[in-house]
Amino acid sequence: MTEAANDFGPGTPYGKTLIKVGETQRRLGAAERDFIHSASINFLTPLRNFLEGDWRTISKERRILQNRRLDLDACKARLKKAKAAEAKAAAEHELRLTQTEFDRQAEVTRLLLEGISSTHVNHLRCLHEFVESQTNYYAQCYQYMLDLQKQLGSSKGEIFSGTFVGNAESTSPAAGTSPPAVAAATLPAVPTIPVVPTIVGVPNTVAESVLNPNEVKPPASGTRKARVLYDYEAADSTELALLADEMITVYSLPGMDPDWLIGERGNQKGKVPVTYLELLS
């Protein structure tokens, strides 16, 4: 995004927005790398070491203990079946050896299993740290996106108006295409506002150049109610600052830029961008 912004022009509205979004994505990527690194060190590595080390050793010793128990049972069965004195003596000797090996293996396995409780306490602490790290990661991402949303919202009027004006100055309608057709193809569809007919003999550009919102009067007909979609800061005294969700009265004047309307709120009056409004019937 940053490279594209440099190609398009970092001073253009689109370029500025690309830079802002790209910087936020970079911050999101850094937060994700920090979270992955933290999760690996604080949780995944200790768990992997336990599974591949201590737990593998415990599983091996338990299998050996199981085999020792089977050997011990077999020796007991042979002792019961022995009839001759020599056979009994041999069976008893083998049983004592097998019993000794079984007892030794049982002690080794018992000590290893006792260590699991302390290991679980450590891993439980690691698990809590993992959850806390993940919570912080998502909180960071949410805050970054919230900041970006505010930045884009505060500059939306400037961006849209700058984009449309730039398009109007840098491009011309194709041959055989009327200006209304070009506007309909390039601008978003918005509810139409009745426009007061232009006074005969007075050029439209004059009305726009000498427009003072505090001196104009609303037309006898053609006013509408509108709901404000986003907060908007007035750039100068000719514009009206807006607050999201408030209701205002709007109307158009001869020669006005189609992207702007006159807005009224009580005794306050000024130009407002159409893209910030939801026009109501």
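All values below were derived from every heavy atom in this structure, side-chain atoms included, with hydrogens, water molecules and symmetry-related copies excluded.
Of the possible polar contacts, none joining the Glu61 side chain to the Gln105 backbone as a donor-acceptor pair under 3.5 Å is found. Distance alone, capped at 3.5 Å, is enough to place a donor-acceptor pair between the Thr45 side chain and the Ser40 backbone. Remark: side-chain polar atoms of Thr17 are paired, donor with acceptor, to backbone N or O of Pro13 under 3.5 angstrom.
For the salt bridge (Lys or Arg N to Asp or Glu O under 4.0 Å) test, no residue two or more places apart in sequence or in another chain qualifies with Glu132. Judged as a ring pair (Phe, Tyr, Trp, His ring centres under 6.0 Å), and not counting sequence neighbours, Phe102 has no contacts. By the side-chain contact (heavy atoms from CB on, under 4.5 Å) test, Gln140 pairs with Ala31, Tyr144, sequence neighbours left out. Looking at residues two or more places apart in sequence or on another chain, you find no side-chain contact (heavy atoms from CB on, under 4.5 Å) involving Glu86. Remark: Glu101 pairs with Arg68 by the salt bridge (Lys or Arg N to Asp or Glu O under 4.0 Å) rule, at least two apart or across chains. Asp236 is linked by a side-chain contact (heavy atoms from CB on, under 4.5 Å) to Thr238, Glu239, counting only residues two or more places apart in sequence or in another chain. Partners of Arg104 by salt bridge (Lys or Arg N to Asp or Glu O under 4.0 Å), not counting sequence neighbours: none found. Considering only residues two or more places apart in sequence or on other chains, Arg227 meets the side chain to side chain donor-acceptor pair (under 3.5 Å) condition with Asp245, Glu278. Residues satisfying the salt bridge (Lys or Arg N to Asp or Glu O under 4.0 Å) test with Arg265, not counting sequence neighbours, are Glu246.
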In sequence, state the C-alpha distance, the side-chain angles, and the governing distance for Thr275 and Asp259, and then conclude on side chain to side chain contact (heavy atoms under 4.5 Å, CB included). CA-CA 7 Å; Thr275 54; Asp259 298 324; over 6 Å; no
Given Leu242 and Asp231, is the side chain to side chain contact (heavy atoms under 4.5 Å, CB included) satisfied, shown in steps? CA-CA 5 Å; Leu242 302 174; Asp231 292 346; over 6 Å; no
Let's go through Arg27 and Glu23 carefully: what are the C-alpha distance in whole Å and the side-chain angles of both, what is the deciding distance for salt bridge (charged side-chain N to carboxylate O under 4.0 Å, His left out) to 0.1 Å, and is it a yes or a no? CA-CA 6 Å; Arg27 297 172 71 185; Glu23 176 62 21; 5.2 Å; no
In sequence, state the C-alpha distance, the side-chain angles, and the governing distance for Cys126 and Asn42, and then conclude on side chain to side chain contact (heavy atoms under 4.5 Å, CB included). CA-CA 6 Å; Cys126 293; Asn42 297 329; 5.6 Å; no
Using the side chain to side chain contact (heavy atoms under 4.5 Å, CB included) rule, take Val250 and Val274 through it: C-alpha gap first, then chi angles, then the decisive distance, then the call. CA-CA 10 Å; Val250 295; Val274 175; over 6 Å; no
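Across all non-hydrogen atoms, the minimal contact from Met145 to Leu28 is SD-CD1, 3.7 Å. For the residue pair Gly263 and Ile248, the shortest heavy atom distance occurs at CA-CD1, 4.5 Å. In terms of heavy atoms, Gly153 sits closest to Tyr276 at O-OH, 3.1 Å.
The OG1 atom of Thr2 sits 10.0 Å away from atom CD of Gln25, with the distance rounded to the nearest 0.5 Å. For the atom pair Leu44 CG and Asn49 CG, the distance stands at 10.5 Å (nearest 0.5 Å). Note: Ile58 CD1 to Leu65 CG = 13.0 Å, rounded to the nearest 0.5 Å. Atom CD1 of Ile262 is separated from atom NZ of Lys271 by 7.5 Å, given to the nearest 0.5 angstrom. Within the model, atoms OG1 of Thr223 and CG of Leu261 stand 11.5 Å from one another, a figure rounded to the nearest 0.5 Å. Atom CD1 of residue Ile36 and atom OH of residue Tyr137 lie 7.0 Å apart, to the nearest 0.5 angstrom.
Applying the under-4.5 Å side-chain rule to Ile, Leu, Val, Met, Phe, Trp and Tyr, the cluster around Ile19 consists of that residue alone.
Within the 4.5 Å cutoff, no side-chain heavy atoms of Gln66 are placed close to those of Arg62.
The hydrophobic cluster containing Val272 also contains Leu279, counting ILVMFWY residues as joined when their side-chain heavy atoms lie under 4.5 angstrom apart, directly or transitively. Put simply, Leu243 and Leu229 are part of two different groups of oily side chains (I, L, V, M, F, W, Y) that touch within less than 4.5 Å, one to the next. By the rule that hydrophobic residues join a cluster once side-chain heavy atoms approach within less than 4.5 Å of another member, Leu112 and Leu47 end up as members of one cluster. Hydrophobic clustering (ILVMFWY, side-chain heavy atoms < 4.5 Å, transitive): Leu97 and Ile64 are in distinct clusters. There is no path of hydrophobic side-chain contacts, each under 4.5 Å, that joins Leu280 to Leu240.
Using modelled atom types and a 3.5 Å distance limit, the side chains of Asp147 and Gln151 yield no donor-acceptor pair.
Within the structure, every pair that satisfies the ring-ring contact (aromatic ring centres under 6.0 Å, His included) test and touches residues 45-79, not counting sequence neighbours, is listed here: Phe50-His123. Pairs of residues two or more places apart, or lying in two chains, that qualify as side chain to side chain donor-acceptor pair (under 3.5 Å) and include a residue from residues 90-100 are Arg78-Glu94, Gln99-Asp103.
At most 12 non-hydrogen atoms from other residues, nucleotides or ligands lie less than 6.0 angstrom from CD of Glu3.
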